[in-house]
There are 2 protein chains.
Amino acid sequence: MERIIELFKERNIRVTPQRVGVMQTLYPSQEHLTVEGIHAKVKPQFPNISLATVYTILELFKEKKLVREIRVRFDRSLYESRVDPHHHFHCTQCGQTYDVDIDLCPTLKKQRIDGHSINDFHGYFYGICRSCRKEKQC
Amino acid sequence: MERIIELFKERNIRVTPQRVGVMQTLYPSQEHLTVEGIHAKVKPQFPNISLATVYTILELFKEKKLVREIRVRFDRSLYESRVDPHHHFHCTQCGQTYDVDIDLCPTLKKQRIDGHSINDFHGYFYGICRSCRKEKQC
DNA sequence: AGCTTGCACAAGAATCATTATCATCTAAAA
DNA sequence: TTTTAGATGATAATGATTCTTGTGCAAGCT
Ligand SMILES: [Mn+2]
Ligand SMILES: [Mn+2]
Ligand SMILES: [Zn+2]
Ligand SMILES: [Zn+2]
């Protein structure tokens, strides 16, 4: 709570209860949430909060580098508060998304590929997660 | 044309003019096209072809591994006929998408990461493409 | 304290990519 | 040629995301 207000002030984000509420659903957890999911999580605290407001707030947070939008799923975006570079694994069975903290070595160090200048790189892995694999073995 | 019919027969895909038309927009070029783009390209040959038909055909081709759907852009899918593993660079200035034929070495060889079993991996690079960079220098 | 101005928010409408429905048509097997 | 499962086109529906607008609050000024 204190930390969140601090983060806002550092970035000149006006502190409002809704913004704090949205940030609390993502920070400091490592969850990857849909907009619907975030909305559902703040609903108890703000019964009237609009879905459009959640979208607007997330857009602001994205610009201010407080959250990251990932598109590991084809159908909708996920949001997370981890903004340091890392990759993602998406289980095609249960739909769960996991962080992948691997250094995909040769590429990240380069600034250029085929003459294109790289600002960002994101690796998406797809497969069956460890939890789903365990269930199968029974 | 002959090659395309051959590809269809190999995979038990019923040969229809519309399917051949859609495949011709992607094969053997290396383009990355939106559904709208594919629809526009086949329109002259099939003035009545429905956008829904293009979606249906692409879905079939995807299942049969004739095309690949990529989601390097957040707003819509792109389709290509290159189905061998490779990655993509997306220019955030002009929106163009390029192939990236780099082996992201350590990860692809592994079958597992953190206990998850990997079936697929895709790297997305974002930045300014060589063509846009040239324009800036003037 | 009252006034002004600019955001922030909620509610709902609008947009736009993608899917689903369904009646009609057709490729290809017999 | 006949038959029939499957393909197509027209259209509606869905669902995520964005836009619009009226209201309300908050900080700065008089
Ligand atoms: Mn993550
Ligand atoms: Mn490609
Ligand atoms: Zn799983
Ligand atoms: Zn470019």
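Note on naming: letters A, B, ... go to the chains in the order of the sequence lines (proteins, then strands), and numbering restarts at 1 for each one.
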Run the ring-ring contact (aromatic ring centres under 6.0 Å, His included) test against A:His116 and tell me which residues pass, sequence neighbours left out.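 Once residues adjacent in sequence are excluded, the partners of A:His116 under the ring-ring contact (aromatic ring centres under 6.0 Å, His included) criterion are B:Phe89, B:Tyr98.
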Between the side chains of A:Lys9 and A:Glu2, is the shortest nitrogen-to-carboxylate-oxygen separation below 4.0 Å, so that they form an ion pair?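 Salt bridge: no.
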Is A:Lys65 paired with A:Glu10 through a side-chain N to carboxylate O contact shorter than 4.0 Å?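 Not counted as a salt bridge, because no side-chain N and carboxylate O are separated by less than 4.0 Å.
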[X] [atom1] to [N] [atom2], straight-line distance once rounded to whole Å:
| X | N | atom1 | atom2 | answer |
| --- | --- | --- | --- | --- |
| B:Ile49 | D:dT8 | CD1 | P | 7 Å |
| A:His39 | D:dG15 | NE2 | P | 17 Å |
| B:Met23 | D:dA7 | CE | C1' | 18 Å |
| A:Ile57 | C:dA8 | CD1 | P | 10 Å |
| B:Gln18 | D:dG9 | CD | C1' | 9 Å |
| B:Phe61 | D:dT8 | CZ | C1' | 14 Å |
| A:Arg73 | D:dT17 | CZ | C1' | 15 Å |

Mind checking side-chain hydrogen bond (donor to acceptor under 3.5 Å, both in side chains) for [X] and listing every partner two or more places apart, or none if nothing turns up?
| X | value |
| --- | --- |
| B:Asp101 | B:Arg82 |
| B:Arg73 | B:Asp75 |
| A:Arg19 | none |
| A:Thr56 | none |

Going by salt bridge (charged side-chain N to carboxylate O under 4.0 Å, His left out), name the pairs with one or both residues in residues 44-58 of chain A, residues two or more places apart or in two chains.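 Matches after skipping sequence neighbours: none remain.
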Can you list every pair that meets salt bridge (charged side-chain N to carboxylate O under 4.0 Å, His left out) and has a residue in residues 40-50 of chain B, with sequence neighbours left out?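 Salt bridge (charged side-chain N to carboxylate O under 4.0 Å, His left out) check on residues 40-50 of chain B returns B:Glu31-B:Lys41.
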Given D:dG9, C:dA11, C:dC9, the nucleotide with the shortest approach to the side chain of A:Asn48: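 Output: C:dA11.
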Tabulate protein N/O versus nucleotide N/O from nucleotides 17-19 of chain C, keeping only pairs under 3.5 Å, one per line.
| from | atom 1 | to | atom 2 | distance (Å) |
| --- | --- | --- | --- | --- |
| C:dA17 | OP1 | B:Arg76 | NH2 | 3.0 |
| C:dT18 | OP1 | B:Arg71 | NH1 | 3.3 |
| C:dT18 | OP1 | B:Ser77 | N | 3.2 |
| C:dT18 | OP2 | B:Tyr55 | OH | 2.7 |
| C:dT18 | O5' | B:Tyr55 | OH | 3.3 |

My understanding is that only residues two or more places apart in sequence, or in another chain, count here; which of them pass side chain to side chain contact (heavy atoms under 4.5 Å, CB included) with A:Glu36?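 In terms of side chain to side chain contact (heavy atoms under 4.5 Å, CB included), with neighbours along the sequence ignored, A:Glu36 is linked to A:Thr34, A:Leu51.
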Under a single-linkage rule joining Ile, Leu, Val, Met, Phe, Trp and Tyr whose side-chain heavy atoms are separated by less than 4.5 Å, which residues share a cluster with B:Ile70?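 Noted: B:Ile70 shares its cluster with A:Ile70, A:Val72, A:Phe74, A:Leu78, A:Tyr124, A:Tyr126, B:Val72, B:Phe74, B:Leu78, B:Tyr124, B:Tyr126.
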Stems in DNA chain D: runs of 3 or more consecutive Watson-Crick or G-U pairs, distances under 3.5 Å?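 Detected stem regions: C:1-30 with D:1-30.
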Would you mind building the protein contact string for nucleotides 24-30 of chain C? One character per nucleotide, 5' to 3', B for base within reach (heavy atoms under 4.0 Å), S for sugar-phosphate only, - for untouched. ---BS--
Between A:Leu60 and A:Pro47, name the one whose nearest nucleotide on DNA chain C is closer to the 5' end.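 Upstream on the strand: A:Leu60.
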